[in-house]
Trainee: 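Questions regarding the structure given below will be posed in turn.
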Amino acid sequence: MIALALHGVGHAQATDKRLGQSLALPRNKLPSLDTRHSQLATRHSQLATRNSPLRKKMTNSQLADTLDLLADLLEFQGANSFRTRAYRNGSRTIRNMTESLATLVADSKDLTEIDGIGKSVAGKCQTLIETGSLPQLEELKEQIPQSVLAILRIPGLGPKKAAALYNELGISTLDQLKEACEAEKVRELKGFAAKTEKAILEGIQFAASAGQRIYWSKANELVEELREHMNSCKAIKQMEFAGSYRRGKESVGDLDILVDSKDANKVMDHLVEHSRVADIMVRGETKMSVRLDSELQVDLRVVPEESFGAALQYFTGSKEHNVVVRGRAKKMGLLVNEYGVYRSESDAEDGGLGESIAGATEKEVYEALELPWFPPELREARKEFEWAESDDLPELIQLSDIRGDLHMHTTATDGKNSIREMVDAARKRKLKYIAITDHSQRVSMAFGLDPDRLRQQWTEVDEVNDELGKSFTVLKGIECDILEAGGMDLPDDVLAEADWVLASIHYGQKQSMQQITDRILGAIENPYVTAIAHPTGRIINKRESYAVDLDQVFKAARKHGKLLELNANPARLDLNDIYCAAAKSHGIPIVINTDAHHTGGMDVMQFGILQARRAGLTAADVANTRTWPQMKKMLPARVAT
DNA sequence: GCCGTTTTCGGCCCGACTGTTTTCAGTCG
């Protein structure tokens with residue numbers, strides 16, 4: 001039901017709606033620019049609530065959020081930029097870790113042994129985990145209204161300028177800033193002038209409404225559109241979309257187009273001709289930024305052929321990956337920039353760069369640094385350099401490795417197609433087996449199945465299998481709810497007749513971590529459950545994960561031989577990349593499923609694959625790359641009978 | 001604030017673009 005509802009609330013629609021509302025209202029009825037402040041304030045108060053000692057375990061993501069907030073506020077105060085960077089590095093490290101920091105602290109492990117975490121950050125994390133709050137942060141919050149953070153989102157305003165506005169004019173909200181610009185007060189400050197005022201007024205509405213990242217799937221649609229448009233530009237020799245899009249990140253904040261051309265102006269003019277381009281933010285000789293009608297920013301960069309690989313490497317990122325790459329280069333006496341790799345010794349005298357030793361392709365750039373070419377999905381400065389060091393880069397899973405899809409719905413509940421239609425769609429996608437997993441009775445809004453209706457459906461599955469013969473297999477499955485009070489929504493004797501039982505949480509998502517974790521552990525211990533579907537319940541950009549202690553879930557899944565799902569719905573991608581990597585490190589097989597509610601829904605498998613690649617998963621790590629008979633052997637004994 | 005195959009102190013990735021300047025700071029990616 002939830003997945004079905006999602007089809008209607010894509011980001012573009014939400015944005016269009018917001019825009020439409022804004023435009024339709026008279027100017028004096030415009031929604032307050034401070035809406036975002038209150039959202040920020042809510043977020044921070046949520047953080048504060050989450051930090052309360054009543055909460056048992058602080059998650060890595062909460063700790064990372066807190067460190068980021070600390071960095072934001074310190075930066076605003078004019079703190080040493082290397083210090084704030086250290087906090088952000090610490091935050092990123094923690095966010096990327098597969099083990100829970102709270103567990104490490106509970107086990108009396110030394111956090112400073114983690115790369116990038118020193119005495120100070122370790123101490124802060126320990127305090128946060130043990131007490132739920134951080135005195136230094138509380139103090140900062142009293143000194144600086146957090147609404148100033150919204151001002152930092154205005155393009156062109158960074159910590160220095162925002163601090164000047166706050167210190168000189170007492171501006172701490174977007175509304176105050178707008179008033180001051182209109183009264184021409186801002187131009188009186190040093191470093192500001194009329195043009196800046198104008199830019200602020202233009203950027204202020206953008207800051208109030210934008211900042212939302214779009215799903216990778218939506219970004220992909222825009223990329224396809226732009227690619228087709230740009231392909232007709234004769235001046236382009238090579239073109240790639242770089243950035244987080246190329247890395248397959250679950251959400252994308254902007255698009256980066258990299259072009260190899262001798263005529264940058266022609267390429268820029270061509271992009272501007274696209275009907276979606278709403279305005280030009282900056283335009284230089286080789287670089288242009290435009291805003292699309294959907295408010296998404298697109299950066300275009302034009303480089304010569306001999307630099308295309310270096311530029312592609314550079315603009316693909318991530319930033320953190322590049323920091324490591326450049327640091328490594330430096331140690332080797334080399335300089336890496338977006339134009340190539342250079343020997344750096346000769347740059348002092350002639351003012352130019354040293355001898356260029358690479359740049360045309362990414363491969364030769366990495367080779368010059370004695371590194372293998374990294375698949376973009378791995379370029380997050382997580383494990384990739386470690387793997388490269390030991391010559392152990394994983395051979396990442398591909399869409400064509402997938403043989404079965406084990407989570408989908410039909411007209412029996414909230415799906416749009418019949419079993420036979422789902423079979424046809426699966427066969428068109430070269431799959432060999434599927435599991436029909438409609439909702440169980442608790443999901444009444446989706447007309448969930450009771451034991452009678454479920455057994456009736458299984459009779460139909462038998463009929464379909466008879467028709468299909470050996471060429472394709474339909475499994476008798478169920479997506480059985482884990483009840484609020486614990487326990488499964490269908491009796492064991494029914495579940496025992498299934499080939500494949502997904503257990504999932506749809507209700508009681510607000511419960512405490514202990515309650516939710518206990519419910520999931522109960523499901524894992526049920527002998528008939530084969531996998532946990534969308535294990536954290538998060539909806540990207542819309543709903544936080546429910547509170548669940550995944551350390552315990554991983555241990556239990558490992559012990560009882562259960563699988564964990566990577567739900568490929570682009571709004572879910574649950575488990576995410578970090579947790580998929582954690583599951584792998586616990587030896588738990590992942591099953592990537594589409595949760596299709598109609599035949600076209602099976603196309604989302606590609607998004608799950610991208611996420612799995614980001615986790616460093618190989619075909620062997622993913623259960624449904626196997627044939628069904630092979631896969632059955634991985635399941636607890638009773639299903640294999 | 002973090003870190004060490006030059007370093008326990010002195011570095012910390014690098015360049016484009018803009019606006020406000022009159023040689024550069026701030027911002028961005």
Side-chain angles (χ1 to χ4, degrees), chain A residues 67 70-71 74-75 78-93 111-125 136 151-165 186-200 202-203 242-247 252-258 264 268 280-289 297-303 307 310-311 313-342 344 347 353 369 381 389:
Chain A
L67 287 177
L70 194 57
L74 282 171
E75 188 166 55
N80 179 312
S81 61
F82 295 112
R83 188 176 161 215
T84 54
R85 189 194 291 178
Y87 284 131
R88 296 218 163 89
N89 281 342
S91 157
R92 185 183 54 84
T93 302
L111 300 184
T112 62
E113 279 177 16
I114 302 164
D115 217 24
I117 299 200
K119 237 172 128 180
S120 169
V121 172
K124 287 179 171 61
C125 288
Q136 183 195 6
I151 292 174
L152 292 174
R153 269 202 303 275
I154 297 172
L157 289 191
K160 295 267 169 34
K161 288 198 160 149
L165 289 167
V186 171
R187 64 180 64 182
E188 291 166 15
L189 296 181
K190 189 170 183 289
F192 293 79
K195 223 164 178 178
T196 318
E197 251 175 12
K198 190 165 166 271
I200 290 176
E202 281 168 5
S244 53
Y245 167 76
R246 184 162 180 245
R247 302 200 309 280
V252 172
D254 61 17
L255 294 178
D256 302 281
I257 312 179
L258 183 69
M268 291 185 191
I280 302 170
M281 299 164 73
V282 293
R283 177 167 175 165
E285 283 176 23
T286 64
K287 189 178 157 179
M288 179 173 76
S289 294
Q297 183 176 326
V298 178
D299 298 325
L300 170 69
R301 185 67 183 259
V302 183
V303 296
S307 296
Q313 191 284 324
Y314 177 65
F315 289 106
T316 297
S318 63
K319 199 174 146 199
E320 291 79 13
H321 176 89
N322 286 349
V323 166
V324 177
V325 166
R326 290 185 179 203
R328 182 183 174 97
K330 206 165 185 177
K331 276 187 193 142
M332 294 171 73
L334 301 172
L335 171 82
V336 179
N337 60 26
E338 58 260 57
Y339 298 110
V341 183
Y342 303 87
S344 48
D347 61 2
L353 293 160
L369 302 170
E389 206 63 45

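Per chain, numbering begins at 1; letters A, B, ... match sequence-line order. What's counted below: heavy atoms across the whole structure, side chains too, no hydrogens, waters or symmetry copies. Here the structure is a predicted model, which is why all the values come from computation and not from measurement.
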Trainee: Using the P atom in both, what is the distance from B/dT6 to B/dG11, to the nearest Å?
Mentor: 16 Å
Trainee: Judged by modelled atom types alone, do A/Q313 and A/N322 share a side-chain donor-acceptor pair under 3.5 Å?
Mentor: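 Side-chain D/A pair, A/Q313 to A/N322: present.
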Trainee: May I ask you to evaluate whether A/N337 reaches the phosphate of B/dG15, defined as a side-chain N or O under 4.0 Å from OP1 or OP2?
Mentor: yes
Trainee: Measure CZ/A/R88 against C1'/B/dC13 and give the value in whole Å, please.
Mentor: 17 Å
Trainee: Do A/D299 and A/D254 touch side chain to side chain, with heavy atoms closer than 4.5 Å?
Mentor: yes
Trainee: Does A/Y314 offer a backbone N or O that forms a donor-acceptor pair with the side chain of A/E338 under 3.5 Å?
Mentor: no
Trainee: Can you check the distance between B/dG29 and B/dT23, where both ends of the measurement are the C1' atom (answer in whole Å)?
Mentor: 24 Å
Trainee: For residues A/T84 and A/A79, report the shortest heavy-atom separation together with the two atoms involved.
Mentor: CG2-CB, 4.2 Å
Trainee: Tell me the interatomic distance from A/L67, atom CG, to B/dG1, atom C1', rounded to whole angstroms.
Mentor: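 Result: 11 Å.
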Trainee: On DNA chain B, does the nearest nucleotide to A/T286 precede the nearest nucleotide to A/T84 from the 5' side, or the other way round? Give the residue.
Mentor: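 Upstream on the strand: A/T84.
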Trainee: Without decimals, in angstroms, what is the distance between A/R85 CZ and B/dC14 C1'?
Mentor: 11 Å
Trainee: Hey, does the side chain of A/S244 reach the backbone of A/R247 with a donor-acceptor pair shorter than 3.5 angstrom?
Mentor: no
Trainee: Strictly by Watson-Crick or wobble contacts shorter than 3.5 Å, is anything paired with B/dC2, and which nucleotide is it?
Mentor: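 By the stated definition (distances under 3.5 Å), B/dG11 pairs with B/dC2.
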Trainee: Using atom P in both nucleotides, what's the gap between B/dC13 and B/dC3 to the nearest angstrom?
Mentor: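 Their P atoms lie roughly 14 Å apart.
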Trainee: When the C1' atoms of B/dC12 and B/dC17 are compared, how many Å lie between them, rounded to an integer?
Mentor: 24 Å
Trainee: Does A/T93 put a side-chain nitrogen or oxygen below 4.0 Å from OP1 or OP2 of B/dC2?
Mentor: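 No, outside the criterion.
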Trainee: So is the aromatic ring of A/F82 stacked onto the base of B/dC2, judging by whether the centres are under 5.5 Å apart and the planes are under 30° apart?
Mentor: no
Trainee: With rounding to the closest Å, how many angstrom separate the C1' atoms on B/dT8 and B/dG15?
Mentor: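 Taking atom C1' in both B/dT8 and B/dG15, they lie 32 Å apart.
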Trainee: Categorize A/G243 for me: base, sugar-phosphate, or nothing, with a 4.0 angstrom heavy-atom threshold over every strand shown.
Mentor: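 Touches nothing.
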Trainee: Across nucleotides 19-29 of chain B, 5' to 3', mark each nucleotide with B, S or - according to how protein heavy atoms within less than 4.0 Å reach it.
Mentor: SSS----SSSB
Trainee: Output yes when a side-chain donor or acceptor of A/T93 lies under 3.5 Å from a complementary backbone atom of A/N89, and no otherwise.
Mentor: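 The answer is yes, because a donor-acceptor pair under 3.5 Å joins these two groups.
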Trainee: So what does A/V325 touch, heavy atoms closer than 4.0 Å: a base, only the sugar-phosphate, or nothing?
Mentor: nothing
Trainee: May I ask you to test the A/R92-A/K319 pair for a side-chain heavy-atom distance under 4.5 Å?
Mentor: no
Trainee: Given atom CD of A/E320 and atom C1' of B/dC14, what is their separation to the nearest angstrom?
Mentor: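 My rounded result for the distance is 15 Å.
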Trainee: Could you tell me the separation between the CG atom of A/N80 and the P atom of B/dC9, rounded to a whole number of Å?
Mentor: 18 Å
Trainee: Whole Å only: how far is the CZ atom of A/R83 from the C1' atom of B/dC2?
Mentor: 13 Å
Trainee: Tell me the interatomic distance from A/Y339, atom OH, to B/dG15, atom P, rounded to whole angstroms.
Mentor: 9 Å
Trainee: Nearest to the side chain of A/S120, which nucleotide is it out of B/dC12, B/dG1, B/dC17?
Mentor: B/dG1
Trainee: Return the value, rounded to whole Å, for the distance between atom NZ of A/K331 and atom C1' of B/dT6.
Mentor: 11 Å
Trainee: For nucleotides B/dA25 and B/dT20, find the distance between their P atoms and express it as a whole number of Å.
Mentor: 16 Å
Trainee: From A/L165 CG over to A/I151 CD1, what is the distance, rounded to the nearest 0.5 angstrom?
Mentor: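 Spacing of CG (A/L165) from CD1 (A/I151) equals 6.5 Å.
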Trainee: Reckon A/V336 touches a base, only the sugar-phosphate, or nothing at all at heavy-atom distances under 4.0 Å?
Mentor: sugar-phosphate
